2 protein chains.
Amino acid sequence: MLITQKNQYALRAVYELARHRGRGLLKSADIAHAQAIPRRFVEVILSQLTRSGYVTSKRGQGGGYALVPPPDGLTVADILHSMNGSRRPFHCIACVSRCRCDFDDGCAFSPMWARIGQAIDDIYRETTLLDLMENETDLASPEAESAGGQGAAREDMSR
Amino acid sequence: MLITQKNQYALRAVYELARHRGRGLLKSADIAHAQAIPRRFVEVILSQLTRSGYVTSKRGQGGGYALVPPPDGLTVADILHSMNGSRRPFHCIACVSRCRCDFDDGCAFSPMWARIGQAIDDIYRETTLLDLMENETDLASPEAESAGGQGAAREDMSR
DNA sequence: CCTTTCTTGACTATGAGAGTCGGGAATTGT
DNA sequence: ACAATTCCCGACTCTCATAGTCAAGAAAGG
């Protein structure tokens, strides 16, 4: 698998918050419903995101969650990193989960794994929440056909 | 995880066969030993590879396995596809293993997943066994420092 | 205080992946 | 023939990360 279900839920949840930004708080139940995520599970995920600082929360009646940074200042990479601790979405790259590469440095494959890891990370890093929202806009209006420039690399990463 | 342990073993086993090409048959036990793969497990993998046609086998004394295509005519993609049936290493891309995307076509994320899938597949397709063997050569002779051109895309894919 | 809603940690379940095992079928040598 | 070797095959077990649940509690507001 390329990415865990949980991480995907996290992306969807943040995406839902991004769409709702500026219109008050969003309850976990609503997020769960909108993005087809199990209710109790989305709470686990959201509280994890809250701890990262990208999301704020408020308890009690009228409470809920909100996205902190503007959608164009938040990347997919940011979210995935915050979900997976300091280790990247694919730590060793070559050696899968229980990383224990018997040929680590000298492995003939490691340049390839490195290239792949880099390629994935580049895409994660250059994809902002705003980009994703624009995808949806494109989907809604099916007349725009020029799909050539989809998600072109942007230079001004603020980090 | 990016790739299963089994698929990695398959790559390593084929790599070992590539290194030995032209020098007769290689026993499964030797492959297992050289690449630190459990003995019985490498047999499972090799017989799967044999069925794909990239590897031939011969039983009995003096038997073993050999790689059929020349190392420069066999890509990582070929091997992975033969291991994973017709479906690609990451079928749905977005939806992980038990693919069941609730938002399939209209998903705001699908362009990103497609880009990532494409990027990975490109690398798998352009990396031949010969490329991997040359990596090892580079590792063995540490004076060559120009790492810039590593794995440059090659045009003449014979497919 | 009563309802709502987030918070937390512990808990259980599931399934893909990893690896094993026993016995059988070629092939070769003596 | 017989024995040694080596691949072949299907069924089997085991483990562990992931997925998802649950119960009780703490803030917030009315």
Side-chain angles (χ1 to χ4, degrees), chain A residues 1-10 12-13 17 24-33 35-52 55-67 80 83-85 87 89-92 95-100 102, chain B residues 1-13 17 24-33 35-52 55-66 80 83-85 87 89-92 95-100 102:
Chain A
M1 56 173 72
L2 191 53
I3 186 176
T4 64
Q5 187 78 357
K6 186 179 181 183
N7 280 1
Q8 251 194 102
Y9 285 159
R12 287 192 195 281
L17 287 172
L25 300 175
L26 205 51
K27 288 185 292 188
S28 65
D30 291 337
I31 298 171
H33 181 259
Q35 293 290 334
I37 305 171
R39 288 216 181 166
R40 306 305 283 271
F41 201 33
V42 82
E43 293 188 356
V44 174
I45 292 162
L46 282 166
S47 80
Q48 214 169 326
L49 288 166
T50 302
R51 257 170 270 148
S52 78
V55 172
T56 45
S57 62
K58 198 178 166 197
R59 296 196 243 202
Q61 233 166 14
Y65 297 89
L67 188 66
L80 293 180
M83 290 298 293
N84 301 323
R87 72 182 195 285
F90 28 79
H91 10 145
C92 172
C95 305
V96 203
S97 42
R98 84 288 290 293
C99 176
R100 161 92 186 79
D102 293 302
Chain B
M1 58 174 71
L2 191 54
I3 185 176
T4 64
Q5 187 79 355
K6 186 179 181 183
N7 280 1
Q8 252 194 101
Y9 285 160
L11 291 178
R12 286 193 195 281
L17 287 172
L25 299 176
L26 206 51
K27 287 185 292 186
S28 65
D30 292 338
I31 298 171
H33 180 259
Q35 293 291 332
I37 306 171
R39 291 215 178 165
R40 302 308 281 273
F41 202 32
V42 83
E43 293 188 357
V44 174
I45 292 163
L46 283 166
S47 79
Q48 215 169 325
L49 288 167
T50 302
R51 259 170 269 148
S52 78
V55 172
T56 44
S57 62
K58 197 179 165 197
R59 296 197 241 202
Q61 231 166 14
Y65 298 90
L80 293 180
M83 289 299 292
N84 302 324
R87 70 184 197 284
F90 27 79
H91 10 143
C92 171
C95 303
V96 203
S97 41
R98 85 290 291 292
C99 176
R100 160 91 186 78
D102 294 301

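Note on naming: letters A, B, ... go to the chains in the order of the sequence lines (proteins, then strands), and numbering restarts at 1 for each one. For clarity, every value in this text was computed on a predicted model and none was experimentally measured.
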[X] side-chain N/O to [N] phosphate OP1/OP2 under 4.0 Å:
X	N	answer
Ser57(B)	dC7(D)	no
Tyr9(A)	dG20(D)	yes
Ser28(B)	dC7(D)	yes
Tyr65(A)	dT7(C)	yes

Rounded at 0.5 Å granularity, tell me how far [atom1] in [X] sits from [atom2] in [Y].
X	Y	atom1	atom2	answer
Gln8(B)	Met83(B)	CD	CE	12.0 Å
Ile45(B)	Ile31(B)	CD1	CD1	10.5 Å
Arg12(A)	Asn7(A)	CZ	CG	12.5 Å
Gln35(B)	Leu11(B)	CD	CG	10.0 Å

Closest-nucleotide 5' rank along DNA chain D - winner of Gly64(B) and Pro38(A) =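 Final value for this comparison: Gly64(B).
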Tell me the interatomic distance from [X], atom [atom1], to [N], atom [atom2], rounded to whole angstroms.
X	N	atom1	atom2	answer
Asp30(B)	dT5(D)	CG	P	14 Å
Leu46(B)	dC9(D)	CG	P	13 Å
Lys27(A)	dT7(C)	NZ	P	15 Å
Met83(B)	dG17(C)	CE	C1'	12 Å
Ile3(B)	dG17(C)	CD1	C1'	13 Å
Gln48(B)	dG17(C)	CD	C1'	13 Å
Lys6(A)	dC16(D)	NZ	C1'	16 Å
Asn84(A)	dA17(D)	CG	P	14 Å

Determine the minimum heavy-atom distance between Tyr9(B) and Ala36(B), stating which atoms define it.
->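 That would be CE2-O, 4.2 Å.
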Which atom pair, heavy atoms only, marks the closest approach of Val42(A) to Ala32(A)?
->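 Closest approach of Val42(A) to Ala32(A): CG1-CB, 3.9 Å.
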Counting side-chain heavy atoms from CB outward, which of dC6(C), dA18(C), dG20(D) is closest to Gln5(B)?
->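 Ranking dC6(C), dA18(C), dG20(D) by closest atom to the Gln5(B) side chain puts dA18(C) first.
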Summary of protein contacts for nucleotides 23-30 of chain D, nucleotide by nucleotide, where a base hit scores B, a sugar-phosphate-only hit scores S (4.0 Å, heavy atoms) | B-BBBBSS
For residues 41-51 of chain A, which residue pairs qualify under side-chain hydrogen bond (donor to acceptor under 3.5 Å, both in side chains), counting only residues two or more places apart or in two chains?
->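 side-chain hydrogen bond (donor to acceptor under 3.5 Å, both in side chains) check on residues 41-51 of chain A returns Lys6(A)-Gln48(A), Ser47(A)-Arg51(A).
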Test item: Leu49(B) and Leu17(B) side chains (from C-beta on) under 4.5 Å apart, heavy atoms |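 In short, these two side chains do not touch, never coming nearer than 4.5 Å.
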For residues Leu80(B) and Ile3(B), determine if any side-chain heavy atom of one lies less than 4.5 Å from a side-chain heavy atom of the other.
->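 In short, these two side chains touch, coming nearer than 4.5 Å.
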Produce the list of close N/O pairs, under 3.5 Å, pairing protein atoms with atoms of nucleotides 10-12 of chain D; give distances to one decimal.
none

